[in-house]
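Below is one structure, written out as structure tokens; the observations come after it.
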Amino acid sequence: MFKFVSGFCAAAADTPNMERHCTSVTRTPLNSVRVQRRSKSKSYRQSIRSCLGAASRLVLTPALTARRLNTSRKAPKSLDITEKVNPEQLSLLVKKEWQLSYVTPLYQFRHTQLKSYSRQLSAFIAAEKQRGLAVEVEGTHGSFRVSFGVVQGMSEADDDAETVLVQIYSKPLFAVKDEPPRAVWSGWLTCINGSPDYLRSLPKDFTCMPLFCSSGADGLSSLVKSWFQLTFDCCFGPLEISHTSLQWLVALWTNCHTESAIKHLKMMWTVPAASPLKVTYTVNGPDAWQLWSSVRKERHDGSNKEEEEEEDSIDIEEVMRFMQDLKSHFYRHFRTDLSAGSLDQVATALGSAKSSGRIKIANSKYMITTLTLLTECALLKMPI
Amino acid sequence: MATKLNLSEQPDSETSSLNDQTVSSRSNNRSLRVAEKERRKIEAEDPFVLALKYFTDVEAGTPVTGNDEVEKHLVLVEKVAYNRGLSPEAISNMLEFAMSLRMGTTLCARVLKCLIPATAVPQEAVVRAVVWLGVGKIPITTQVLFIKWVLTVFDMIDAKDQLRAIYGFIFSFLTDESLCPYICHLLYLLTRKESVRVFRVRKLLELQSKLGRQPFLLHLLSLYKVFCPELVTLSIPSRMRSGFRNHNSPWKSVLIGVQKRNGSQVASSIAPSASMVRDKTNSRKRKYRHLEIPALNCVVNKPAQTGTSSCRKLVPVVQLNSFAQLLENMHHIELPAQMGSLLGSSLALQYLDFVQDESALLRLNFWLGYALHEELLFCSDGGASQNSEEAVQFLNKLLSTQHFLQEGFSSSEAFLYKFLNVWDGSLFRPEILGLLSNIPVIPSSQIGCLLFEPLKQLFFTSSLFFKCGLMECLNNMLLKWLTWHSVYALEDDLDISLNSHTSINMTLSGFKDSVMELVLFVGRIASVGLQLEGCHSLLLSFILDFYETVCDTFLKYGLPLVLMPPPGVFYPALFATDPVNVDRLAYIMYRFKVNLTSAKSQEKITQQAFHISRQTFQEFNNYVVVMANCLLNYKMFHPGMGVQLGEELLLKSNVPQYWASYDLTRHPAFMSYAIDFHQKCWPGRKDMDLNSIKHPKPWSWYLEYLFTQGYDGLKQFCQGNISRQQTAGDGQGDSVSSKQR
């Protein structure tokens, strides 16, 4: 397996050179810019999605509509979320790598009952841990303590349910008295800018928090999931971050560069060669931004004034252009066409995302944009 | 009455009871008695029963080496054990045989290894076996094996009280170093507060000083400490590897297999299933667990009850055992925690069907949709083929549920629309087609892209077998739609509620449009399909099945819609080489006629009736003319008919009497009948002249002869048309007027 690291990016001396490349690339006519091949799973997903839009009427209420990834979204704006959200709670959400899942709507979940849920879940975990021991052992219940809490302010639209954070602390069975319990697992359920049509179509008994992020031992994750399943009659499924979503993240994060330096844009590709190639492609932050702004600029030059008004929106075409330019540049240097491969991983100083469904948000300022995208992905996975 | 009496009698009292009974009941008795005897005999001859008997009765000290009999019996017991598991009795007998060492120590270990309980393990047997341990002749490895076995089946032991009673006795085995870890585990499972005694704590501490701080001792001690903290002053490390090691390896996999085979009723009725489920949870294949139907559980987290509901006690679905109970508690039933669990219980489904609770249905649909999506759509790594058996079971369960409720779930419908786009047409074909036939009516504006596009592609690229399957499926779909219509259509109101669970209403004309789209679609693909498959008679038969439904929409289902088959279906059926299909076509045309005439007469009576287009009548008449001319009137290629060929061309073909080449005597499907008839009619004649059948008398005999061969469709068709032709003049409207031309 080879590992390419784009040379010029590591040595920033080449910047003007790159600029030249970029301009030459961006001048290529738009219609020639096309992703030639797609990975199998990609086209498969797409066909599912394409039928989803049409299949909207099946659902009980016609409102569960056009479920495909938005083709245009607002450019992320630096948002001092700390004004809305308690920074202490926020610090629990950032700088940790989360494993993503989607969750079907929760039945009879009450934000007011969190205390009792904490008790129930601790009891459930204790019971599961004791299973097979056949005898009820008193006193061991305390080994795990669960706390449920609302992350106040972590919601955007009116229809979004408040984010719920679950933490599990371990208090070892025969612990020394003063030892403080450690958080061994944490997870949160959220819905940021969820499709209002979908959310409104659900009966009152249901609370939709489609995105579930967890971090901690797998055993505990599955215990927590099965408790939720039992208690709120919901289902958990793995949420991968699709190729398209990763590309979106590349663009959205790069777009933030002026406000908050992304330092570098790192992308990992898998190219299906005879022996599959893993390509790590790193671009310096300023370079990436320059390329991105040229893509943005071109659009604005070419477009009429009406569109100027929506300056802060980013279209999928721009994202694809940007990606194509990055790929062309890579091809120029290494004669390897990345469009044949798939993007597996994206990382910048703002965060990182893996196609397997792991995400890390390093900067809380832009987390709303990222979570909006992920909420959308999770809603796409809903069975009905 | 007599039979009842007799059933309870012992066979020994046979003669005495026989005397005072009537002759009739006596003979009845005898047959029962014979049957009973037979059963016993069969049972007695059952090699497994014999084998068990052998092990129960065998004398101590019987040699093992060279003893074929014991080998034979043991192999049989092993086979049964690994397949179905052993009954409690069998466990009891075999355990006694093994532990008593009647045939030496080698057999003992072997028997222990095959002691797979099918349902439960009798406590007495375990207690007796523990007592045998005390005799001390059993080699230590075998003793360990035995304790491991007890640990494995611990949850299946039917009661624990006697075992607890011999707690002290079991405790005494701790002194043996190799047994100690296992005995500790067993004691851990049996310990109660009253079993914790000072001398036991002391003994354990003593052992600990001898053996070191072994985890098994620590675990037992920590449990003692939990019960009686004052007795155990020892500080126990805060971090301990939790639990004892699992010692159940030799039996575990077999046990799971046996339980699976014996069905869930066993698994759910006894405790160990819990640990089994847990094993599954922890297994690597966790992601495939979504096909498991959740267990019926009560709601843990009850919503705060209001004053009115609290005085009425809610009955959970789990507690219902019979339909009568369901009826009794109809108005205060509590739905289970997970709606998916209803899929396994017909009683609960009946309730669900009754309540029409939107939230409940939505929960069920979320779960079902999730399971289907995860299993068949999202796992693109070929996972479906790995556990196809499980998936087939699941899908079949879903199908039978839908049949039970007589309607499809919206989540399975939504799933199908997506799945059809990626389906290869062979994965779970019968199940998917079954599900497909259950989907409710789709509005005509969407039916094309949701259903027809993917189906068309599948149809034209798949085998003949698939084509037939799809035709059957579409026929079932149409049948269900029509049935819905006839059930839900309100008499005056044109609005019909399509699916009792959804709020989607459809106007009658909307429904008619959808049905029409479906019928036209089938007509199109059937025409092309027949060409592709060379008018295969099997496919043709499935297509005619569909049209048998279509031709009766008005009379059978009250839907004012009559649609003719396209020429691509009609002509291949008319010229089919097998008589059955021709006969069915004749039947279909006959039914069309009946439907059309009754529609027409109704139109006259009720005034406000619907409009059947002129074109339909024309098409029908045209078909009837062609058919009659072809089969009966030897006027094939008559000008003005559907099939036209230039006169010169026909002459050029050198076919003699081409105009008669498809009449009932020469039609390829009926030729053999004509020949047969000819031979029967004129047995002496050497040269065959089929034309001689066409004289009026033999012709009517010939038709008679055909009708006696079971061609009822043909009979109805002929009688419906010919008789009128003969009594010409009573023109009965468009539908039959063709004959007079």
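Each chain gets a letter, A, B and so on, in the order the sequences are listed, and its residues count up from 1. What you see is a predicted model, and the numbers here were worked out from it, not measured in a lab.
Residues Pro105(A) and Arg363(B) form no side-chain contact, since every pair of their non-hydrogen atoms from C-beta on lies 4.5 Å or further apart. Side-chain contact check for Leu368(B) versus Ile384(A): every heavy-atom pair is 4.5 Å or farther apart. Counting only heavy atoms from C-beta outward, the side chains of Ser359(B) and Phe206(A) approach each other to under 4.5 Å. No side-chain heavy atom of Pro383(A) sits under 4.5 Å from any side-chain heavy atom of Phe415(B).
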### Task
I would like to know whether Asp205(A) and Leu362(B) meet side chain to side chain contact (heavy atoms under 4.5 Å, CB included); could you show each step before the answer?
CA-CA 10 Å; Asp205(A) 293 335; Leu362(B) 201 53; over 6 Å; no
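Across Glu374(B) and Gly237(A), no two heavy atoms sit closer than the pair OE2-CA, 3.9 Å. When all heavy atoms are compared, the tightest approach of Met382(A) to Lys418(B) is O-NZ, 4.3 Å.
Note that SG of Cys234(A) and CH2 of Trp367(B) are 14.0 Å apart. Values are rounded to the nearest 0.5 Å. Annotation: the span from Cys235(A) atom SG to His373(B) atom NE2 amounts to 12.0 Å, rounded to 0.5 Å. Note that NZ of Lys204(A) is 12.0 Å distant from CD of Glu358(B), once rounded to the nearest 0.5 Å. The line from OG of Ser341(B) to CG of Leu230(A) is 10.0 Å long, rounded to the nearest 0.5 Å.
Here the side chain of Tyr370(B) pairs no donor or acceptor atom with the backbone of Thr104(A) at under 3.5 angstrom.
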